[in-house]
Amino acid sequence: MGRRAVFDPTDRDLFNEQRQRFDWSLLQNGTVFRYDTRFQLDSAGSRLADLAYVVHRIDAHDWTSVDDMYDAFAQAMAYPRSYGGSTSAFSDVFADVGTYVFGSDPGTTGTVLAIAGFDTLVNLDHRTAHLILDHFAREARLAGLYAHPMLCLVESVT
């Protein structure tokens with residue numbers, strides 16, 4: 001059985017119901033979102049988990065190097081650490097998440113990456129922090145073509 005669109009405009013009553021969901025309010029505006037506090041990030045992640053999204057929660061507060069980021073992503077999304085050791089490799093990582101190779105499940109609504117303490121990465125390597133979000137956004141747009149909504153939520157004060 002193939003995947004179905006998460007939001008179905010062909011059934012007007014159902015679509016009106018679907019547009020009241022939290023994920024609609026996010027996905028209609030993009031795929032990457034910033035929250036000011038950990039509480040807001042955790043609340044958003046919980047609301048998406050309640051809608052049957054796989055939510056990968058990563059805490060960046062204790063990172064002391066970019067390598068810590070690579071380790072945390074590999075552990076959270078269950079792929080070999082050797083797979084992604086550069087920002088360029090993250091396009092492949094997120095593409096594979098989008099096509100259900102790892103870190104996602106076609107039996108769920110979609111996939112969420114929730115990163116607490118994103119400012120830690122920004123302070124370690126500003127360029128890498130922004131490239132990660134850019135790569136995620138591009139691959140999430142492509143995953144949407146496969147009826148796989150992907151969201152990246154970050155807690156950041158900057």
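Here the structure is a predicted model, which is why all the values come from computation and not from measurement. Residue numbers count from 1 along this sequence. Values below: every heavy atom of this structure, side chains too, minus hydrogens, waters and symmetry copies.
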Counting only N and O atoms by type, is there a donor-acceptor contact under 3.5 Å from the side chain of [X] to the main-chain atoms of [Y]?
X	Y	result
R34	S156	yes
T31	L151	no
H148	G98	yes
T109	L51	yes
D11	L14	yes
E155	I115	no
H56	V112	no
D125	L121	no

In terms of side-chain geometry, is the basic nitrogen of D23 or R47 positioned less than 4.0 Å from the acidic oxygen of its partner? no
I'd like to know if D134 pairs up with R138 as an ion pair, taking the criterion as any Lys NZ or Arg NE/NH1/NH2 lying under 4.0 Å from an Asp or Glu carboxylate oxygen. no
Tell me whether F33 is reachable from L131 by hopping between hydrophobic residues (I, L, V, M, F, W, Y) whose side-chain heavy atoms are closer than 4.5 Å. no
Could you walk me through whether D96 and Y79 pass side chain to side chain donor-acceptor pair (under 3.5 Å), step by step? CA-CA 10 Å; D96 284 349; Y79 64 86; over 6 Å; no
Shortest non-hydrogen separation from [X] to [Y] and the atoms involved:
X	Y	answer
A72	I58	CB-CG2, 3.9 Å
V54	G103	CG1-O, 4.3 Å
R57	S46	NH2-N, 3.4 Å
S104	T111	CB-OG1, 3.2 Å
M77	F94	CE-CE2, 4.0 Å

Is the closest side-chain heavy-atom distance between [X] and [Y] below 4.5 Å?
X	Y	value
F118	Y35	no
M150	F136	yes
P149	V6	yes
M69	F90	yes
L27	F7	yes

For the pair F73 and W63, name the ring-plane relationship: parallel under 30°, tilted 30 to 60°, perpendicular over 60°. tilted
Verdict with reasoning, L41 to V154, per side chain to side chain contact (heavy atoms under 4.5 Å, CB included): CA-CA 7 Å; L41 176 75; V154 298; 5.8 Å; no
For F22 and D50, run side chain to side chain contact (heavy atoms under 4.5 Å, CB included): C-alpha distance rounded to whole Å, both residues' side-chain angles, the deciding distance at 0.1 Å, then the answer. CA-CA 10 Å; F22 180 62; D50 289 346; over 6 Å; no
Working for side chain to side chain contact (heavy atoms under 4.5 Å, CB included), residues E139 and V97: CA-CA 9 Å; E139 296 305 330; V97 171; over 6 Å; no
Do the two ring centres, one from Y146 and one from Y100, sit under 6.0 Å apart? no
Got a sec: does the CD of Q40 have more than 12 other heavy atoms crowding it under 6.0 Å? yes
Just wondering, are more than 12 heavy atoms of other shown residues or ligands nearer than 6.0 Å to CG in N16? yes
Atom pair CG/OG of L153 and S43 - distance to nearest 0.5 Å: 11.0 Å
Would T64 and D68 count as a side chain to side chain donor-acceptor pair (under 3.5 Å) if you check the C-alpha gap in whole Å, the side-chain angles of each, and the deciding distance to 0.1 Å? CA-CA 7 Å; T64 59; D68 290 342; 3.1 Å; yes
T10/D8 under side chain to side chain donor-acceptor pair (under 3.5 Å): CA gap, chis, key distance, verdict: CA-CA 5 Å; T10 63; D8 182 3; 2.5 Å; yes
Pair H135-S91, side-chain donor/acceptor within less than 3.5 Å: yes
